[in-house]
Amino acid sequence: MPDNDPFPARWGRAVGPWRDVATDDWSDWRWQLKNLVRTPERVAELLGLPPEETAAVRGLQKQFRFAVSPYYFSLIDPSDPKDPIRRMIVPSSDEDVGEGLADPLGEKDDQVAPGLTHRYPDRVLFVVTSFCSSYCRFCIRKRNWKHSDAASTRDEIDQAIAYLRAHEEIRDVLVSGGDPLTLPLDQIDYILGHLRAIPHVEFVRMGSREPVMLPMRITDDLLRVLDKHGPIWLNTHFNHPREITEESARACERLHRSGVPLGNQTVLLAGVNDDVATMKTLLQGLLKIRVRPYYLYQTDPVVGAAHLRTSVWKGLEMIESLRGHTTGLAVPTYVVDAPGGGGKIPMMPNYLVSAAPGRVVLRNFEGAMFSYPDGGTPAASLDLPARSVSDLATGRSRRIVPRDNPHYARRDALAEERQLAELLTNAANTGK
Ligand SMILES: *Cc1c(COP(=O)(O)O)cnc(C)c1O
Ligand code: SF4
């Protein structure tokens, strides 16, 4: 970074129970990793857990990895047992380990080389580590926390790269984990360098939650490596408006300044972001830090996460309440990943209401319905008041709008005014 970098690495002060930690330590991602919150006793102390809950944490720790960076932990409000950040990251007695699947997306079955899942025709998922700086309770790759199928040795990475080199149809490699940005810098450099050296790999994507959970990881030397191997797109993972802090905003800004465009994947989580107001605040907040919402994921039936799952209808309600109601850039694609390796399936409210030869009936976000002349030979429009959707399909009527909708009231008032003005002009002209 140049000396006059307007966005230097500056990560704020230690807070809460860490307030006595020196700012230099707090701002150092290695200090954060050395001081992870990872024992039931420490969580109990920080959150004032009752003994039963501490016992639940202790039991669950044997099942799934548990660690939280002090920075991310400091976002929890310890006085609120329902705190959304806590719900995402701290084990709780709500977790039922008897329910759910180990590999809900069936990634293992599409594995063609170590860490490499080749499911879609022209792109692959490349899982290069099973480590994260903090572990989400709803992670779909929990299976890797015990027996990792990530490419973790140099030899495994080389095998995966050999596959990619041999498969010219692959234009796009999505490097993920775990969190690839937890790897030592020379390994990140090695992986990206080898991927970019493959002529048919047009660009690399990375999936990382570090901007959210360990923003101090976005160091100058990391940015230099990412810049060197560009074009790199990075998808990060914000789930709640409270994760948008000065620190995470700065991490995103620094990535931007180094030529890394940012997208975001949000997981729809019960008790975290499953109400429209929270979701809207999150998505609009992301635009303010120039992060483009990409996917909204239905929480998959992964083991131990049943209490975080919502109905699919909740996701549809989200899209219904966003599309048209707010900036289109803020609206992600809602997807369900089909179990058994079916991949991502986009889910949308129905905007196509009906059809007849030459016409389709569409509805908008307000519930107004329109007769749209299709290509081909449209039926003549008679423009009479509609009695039913079929009047729109046949072209008898133009539209049906919700009663008392201010938008159409305004349009109609304006149209009337214009008509009146036209009449007056015509009358004046004829009078001449
Ligand atoms: C999500 C995913 C991708 C990338 O899909 P896009 O829709 O292009 O973002 C690639 N491979 C696998 C296995 C995935 O799950
Ligand atoms: S950061 Fe991503 S990979 Fe890591 S635990 Fe959370 S969801 Fe899983």
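One is the number of the first residue; the rest follow in order along the sequence. Whatever order the structure lists them in is the order used to number ligands and atoms, beginning at 1. Note: hydrogens, waters and symmetry copies are ignored here, and every other heavy atom, side chains too, is used.
Note on Cys132: counted as a metal contact of atom 4 (Fe) of ligand 2, an N/O/S atom lying under 2.8 Å.
Contact atoms of ligand 1 toward Tyr120: 2 (C), 3 (C), 10 (C), 11 (N), 12 (C), 14 (C) (distance under 4.0 Å to a heavy atom of the residue). Every atom of ligand 2 with a heavy atom of Met213 under 4.0 Å away is listed here by number and element: 1 (S). Within the listing of ligand 1, atoms 13 (C) sit less than 4.0 angstrom from a heavy atom of Thr117. Atoms of ligand 1 lying under 4.0 Å from any heavy atom of Tyr295, numbered from 1 in the order shown and given with element: 6 (P), 7 (O), 9 (O). Interface of Arg209 with ligand 2, defined as ligand atoms under 4.0 Å from a residue heavy atom, comprises 1 (S).
In this structure, Arg217 satisfies the cation-pi test against Trp29, with its NZ or CZ atom closer than 6.0 Å to the six-membered ring centre and inside 45 degrees of the ring normal. Cation-pi check for Arg154 over Tyr190 is met; the charged atom lies under 6.0 angstrom from the ring centroid and within 45 degrees of its normal. Cation-pi geometry between Arg411 and Tyr408 is not met: the NZ or CZ atom fails to fall both under 6.0 Å from the ring centre and inside 45° of the normal.
Taking the six-membered ring for Trp, Tyr295 and Tyr297 have ring centres closer than 6.0 Å.
Applying the 6.0 Å contact sphere to CD of Glu41 captures more than 12 heavy atoms from other residues, nucleotides or ligands.
In this structure, of Ser176, Cys136, Ser133, the residue bringing a heavy atom nearest to atom 6 (Fe) of ligand 2 is Cys136. Residue nearest to atom 2 (C) of ligand 1, selected from Lys344, Gln265, Arg123: Lys344 (by heavy-atom distance).
For Trp145, every heavy-atom contact with ligand 2 shorter than 4.0 Å involves the side chain, none the backbone. Contacts between Arg141 and ligand 2, counted as non-hydrogen atom pairs separated by less than 4.0 Å, are absent for every part of the residue.
Scanning all protein heavy atoms for the shortest distance to atom 2 (Fe) of ligand 2 gives His237 ND1, 4.4 Å. Looking at atom 4 (C) of ligand 1, its nearest protein heavy atom turns out to be Arg205 NH2, 3.4 Å. Nearest protein heavy-atom neighbour of atom 9 (O) of ligand 1: Tyr294 OH, 2.6 Å. The protein atom (non-hydrogen) at minimum distance from atom 8 (Fe) of ligand 2 is Cys139 SG, 2.3 Å.
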Report task. Evaluate the side chain to side chain contact (heavy atoms under 4.5 Å, CB included) criterion for residues Arg309 and Gln298: first the C-alpha distance (whole Å), next the side-chain angles of each, then the deciding distance (0.1 Å), finally the verdict. Result -> CA-CA 8 Å; Arg309 299 187 72 217; Gln298 169 68 6; 4.0 Å; yes

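When atom types are taken as modelled, the side chain of Glu243 and the backbone of Asn239 share a donor-acceptor pair closer than 3.5 angstrom.
With Arg65 as reference, Ser130 is the one residue of Cys139, Ser130, Ser134 to meet the side chain to side chain contact (heavy atoms under 4.5 Å, CB included) rule. If you run ring pair (Phe, Tyr, Trp, His ring centres under 6.0 Å) between Tyr135 and each of Trp145, Phe64, Phe66, only Trp145 comes through.
Ligand 1 lies out of reach of His118, whose nearest heavy atom is not under 4.0 Å from it.
When all heavy atoms of Val303 and Lys142 are compared, the closest pair comes out as O-NZ, 2.7 Å.
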